[in-house]
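What follows is a set of notes on a single structure, which appears directly below.
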Amino acid sequence: MQHMEPMFMAMSLFRRRKFEQCADICTRLLCKNPYDQAVWSLKTRALTEQVFVDEVEVDEEGIAEMLMDDNSIAQVARPGTSMKMPSTSQGTSPGMRPMSGMNRPMSGFVRPGTQSGRPGTMEQAIRTARTARTARPVTSSSGRYVRLGTASMLSNPDGPFINIPRLNFSKYAAIHQVSKPLFEYIFHHENDIKNALELAALATEASKFNDWWWKVQIGKCYYRMGMYREAERQLKSALKQQDMVDTFLYLAKVYMRIDQPLTSIDIYKQGLEKFPGEVFFLTGIARIYEGMNDLDNAVKFYKDVLHYDNTHVEAIACIATNYFYNDQPELALRFYRRLLQMGVYNTELYNNLGLCCFYAQQYDMTLVCFERSISLATDETIADVYYNMGHIGLSIGDSVLAYHCFKLALAMNHDHAEAYNNLGVLELRKGRSEQARAFFQASANLAPHMYEPYYNFAALSEQVGDLQNSFNSAKKAADAFEDHTNSKDLINELKKHFSLL
C-alpha cells in the first residue's frame, strides 16, 4: 500500500469513506500540480461527503422561516386536508392516545422534523418549552446550515479550498466532469445557495435544458431559499425527462412545506406506479396519514412497508405503538421483541417493553425491563421512564411508589406536564387541595394541548365554590378534547348554576 500511486490511493480511500485522508492526499497532489482537474474534482467530492446531509429526510422549520414566510396558506383549512388541522372524525382521541402539542397522535418513532411542526401562533411557538419532546420549532434551520458551513471552513488553516467569488461559472458550467462536484461542494460544504443556483442555471443552459439532474438541483436551491412554487416547477420538469425516486421525494416534500398533504400523497402514489414497492414512498404516505390522525391508513401502509422490508425500524415501532394504544399489548410486545432481536438497544425500547409486559400481565418481566431502561437512560429520557413507573405504581395501588416516581420525573425534567397533573391528583387524594390546584395550573401552563389538567382544575374549583374559574377551565378542556363527556356535563351543570343567579 505504501508504494501505490497517490491518485489511486486517494480514490481507494474515498471508496472506503476515509474522506479526510483522501482530501489530505489530494492536497499534496494539488501542491505539485494545481491544475489537475481529476484531483481537484476528487477533493471537492471528499470535502462534500464530510458534511453531506440527505435533504430528503431532514426538514426543520425554524422561527426565522415562520416569520419570513411569504407563502399564504389557508388559515381555516378543512379537517383532513391540512397538517395544521388533523381530522378528528377518524383515528384515536386524546382520551385513548396522548397527543403532541400539534394535536397529532404521538408517533412510535422520533424522526427528523417530527417534533418541530408549525404551531398555531407565534406566541404559542415561543411559549412552548425547548425540549426534544415538544413542538417548538428550532431557532432557525438556515442558521444551522450557516454554522455547518463555517465550521467546515475552519478545518483548513489557509481558508476555503475554493475561492468561490473568483470562479468563472460560465466556464465551469460547460465542463460536465467538474460542474457537478463543484455544485455539490458549493451547496453542501460552503452553503452558498445563491452561487450554487447561478452555477446550476448556467449548467442547465449549457446542457440545452436536457439534463434532469440540474433541474433537480435548481429545485433544491429554490426550496432552500423558500421559493416553493419555483421549486415545484423545476422538479415537475425534471420528472418529465426522467423518473427518479429522489425527485418524487423532493416534490412531495415541497407540497408538505406548503401544507398540501393530500397532493403529497398523490405524488408518492405516482412514484409507486413507476417504482412499485419503493419503501421510501410507502413510508412517506404512512407518515402523512399518521400526522393527519388517520391511523387506520397509516398502519395499513406501515404493514406494506414491512412486506417489502421486514427490518424497517420505523414501521415496526409505529405498528407496535398503535397496537399498544388499541389495548392489544400482547401484539405490541411481539413487535418490540422483534426490534430487540434486530439489535435495537436503548431506553425507549426497554421502557415500552416494560409497559407492554405489565399490561399483558407478564409482571415478572416488567421491573426487569424498567431497571434496564433506567440503566440506559440519558438526562432527556429518564423523566419519562420514572413517569411510566409511576403509572405502574398507580395501577397496582401503590400510591407511595407512584408519588415518588412522579417526583423523580419532575426532578429530572421540570417541564414534565403529565407528572405535574398526576401529582395533583395524588395530592387531591390526600386532601391537599391548594397544592393540587398549583400542580394542575403548572401542568396546564406547560401543555395547553392537554385536556386533563384543565378538567381536573375545573372539577376541583367547582368543589370549593370557585364557579367562574371552573367554567373557564372546563371550556378549555372541552376545546382540547371535544368529545370529553365529563367536561361537557360539568359545563352544563355550571350553566344551570349561573342561570339561577
Side-chain angles (χ1 to χ4, degrees), residues 83 86-88 90-115 117 132-135 279 282-307 309-362 365-366 369-370 372-373 376-377 380-381 383-385 387-389 391-392 395 418 447 449-450 481:
M83 297 302 284
S87 175
T88 54
Q90 54 194 357
T92 59
S93 69
M96 295 296 295
R97 183 169 180 170
M99 310 293 277
S100 70
M102 299 298 297
N103 286 330
R104 300 177 192 165
M106 284 291 189
S107 172
F109 188 86
V110 177
R111 58 183 76 93
T114 299
Q115 306 296 330
R133 297 170 291 279
T134 64
V279 171
L282 294 169
T283 306
I285 295 172
R287 288 175 180 175
I288 295 173
Y289 278 129
E290 191 174 39
M292 293 168 64
N293 202 12
D294 187 354
L295 298 178
D296 292 337
N297 273 323
V299 171
K300 173 179 174 290
F301 279 96
Y302 278 129
K303 287 181 177 178
D304 288 343
V305 170
L306 291 183
H307 177 73
D309 179 7
N310 58 11
T311 60
H312 198 280
V313 175
E314 179 180 346
I316 296 172
C318 290
I319 292 172
T321 304
N322 188 70
Y323 277 130
F324 178 80
Y325 286 117
N326 283 338
D327 289 332
Q328 294 176 293
E330 297 87 355
L331 290 176
L333 189 58
R334 288 173 55 188
F335 282 92
Y336 285 129
R337 283 176 57 195
R338 169 67 175 163
L339 289 177
L340 203 59
Q341 292 166 356
M342 287 166 50
V344 179
Y345 187 78
N346 57 28
T347 306
E348 293 85 350
L349 179 57
Y350 278 105
N351 175 77
N352 293 346
L353 281 168
L355 288 173
C356 289
C357 288
F358 179 78
Y359 288 107
Q361 300 182 3
Q362 298 182 18
M365 290 297 298
T366 302
C369 290
F370 274 109
R372 187 68 59 86
S373 180
L376 295 171
E380 288 186 354
T381 57
D384 287 329
V385 179
Y387 172 75
N388 287 324
M389 289 185 69
H391 260 291
I392 288 178
S395 300
E418 294 86 352
H449 61 280
M450 284 171 51
F481 181 15

Inter-residue atom distance Y289.OH - N297.CG, 0.5 Å rounding: 4.5 Å

With a 4.5 Å cut-off on side-chain heavy atoms, are V305 and F301 touching? no

With heavy-atom distances below 4.5 Å as the criterion, would you say the side chains of L340 and L353 are in contact? yes

Return the minimal non-hydrogen interatomic distance between A332 and C356, and the atom names on each side. CB-SG, 3.7 Å

After noting the C-alpha distance and the side-chain angles of Y350 and V385, does the key distance pass the side chain to side chain contact (heavy atoms under 4.5 Å, CB included) rule? CA-CA 9 Å; Y350 278 105; V385 179; over 6 Å; no

For Y336 and A317, work out which heavy atoms get closest and say how close. OH-O, 4.1 Å

Given the rule in the side chain to side chain contact (heavy atoms under 4.5 Å, CB included) test, do L376 and Y345 qualify, once you have shown the distances and angles that lead to the verdict? CA-CA 9 Å; L376 295 171; Y345 187 78; 3.6 Å; yes

What are the two closest non-hydrogen atoms of L349 and V344, and how far apart are they? CD2-O, 3.2 Å

So do the side chains of E314 and Y302 get within less than 4.5 Å of each other, counting heavy atoms only? yes

Identify the two heavy atoms, one from N310 and one from I316, that lie closest to each other, and give their separation to 0.1 Å. O-CD1, 3.9 Å

To the nearest 0.5 Å, how far apart are CD1 in I288 and OG1 in T283? 11.0 Å

Out of N346, D384, N388, which one pairs with N351 under the side chain to side chain donor-acceptor pair (under 3.5 Å) rule? N388

Taking only residues two or more places apart in sequence or in another chain, which ones pass side chain to side chain contact (heavy atoms under 4.5 Å, CB included) with D309? V279, T311, H312

On a heavy-atom basis, which atom in T366 and which in G354 lie closest, and how many Å separate them? CG2-O, 3.5 Å

Between C369 and F358, does the side chain to side chain contact (heavy atoms under 4.5 Å, CB included) criterion hold? Intermediate values first, please. CA-CA 10 Å; C369 290; F358 179 78; over 6 Å; no

Verify side chain to side chain contact (heavy atoms under 4.5 Å, CB included) between Q362 and L333, making sure each step is shown before the conclusion. CA-CA 11 Å; Q362 298 182 18; L333 189 58; 3.7 Å; yes

So do L295 and Y325 actually touch side chain to side chain, heavy atoms under 4.5 Å? no

Quick one: does P329's side chain get under 4.5 Å of L355's, heavy atoms only? no

For residues A298 and E290, report the shortest heavy-atom separation together with the two atoms involved. CB-N, 3.7 Å

Could you check if a side-chain atom of N352 sits within less than 4.5 angstrom of a side-chain atom of F324, using non-hydrogen atoms only? no

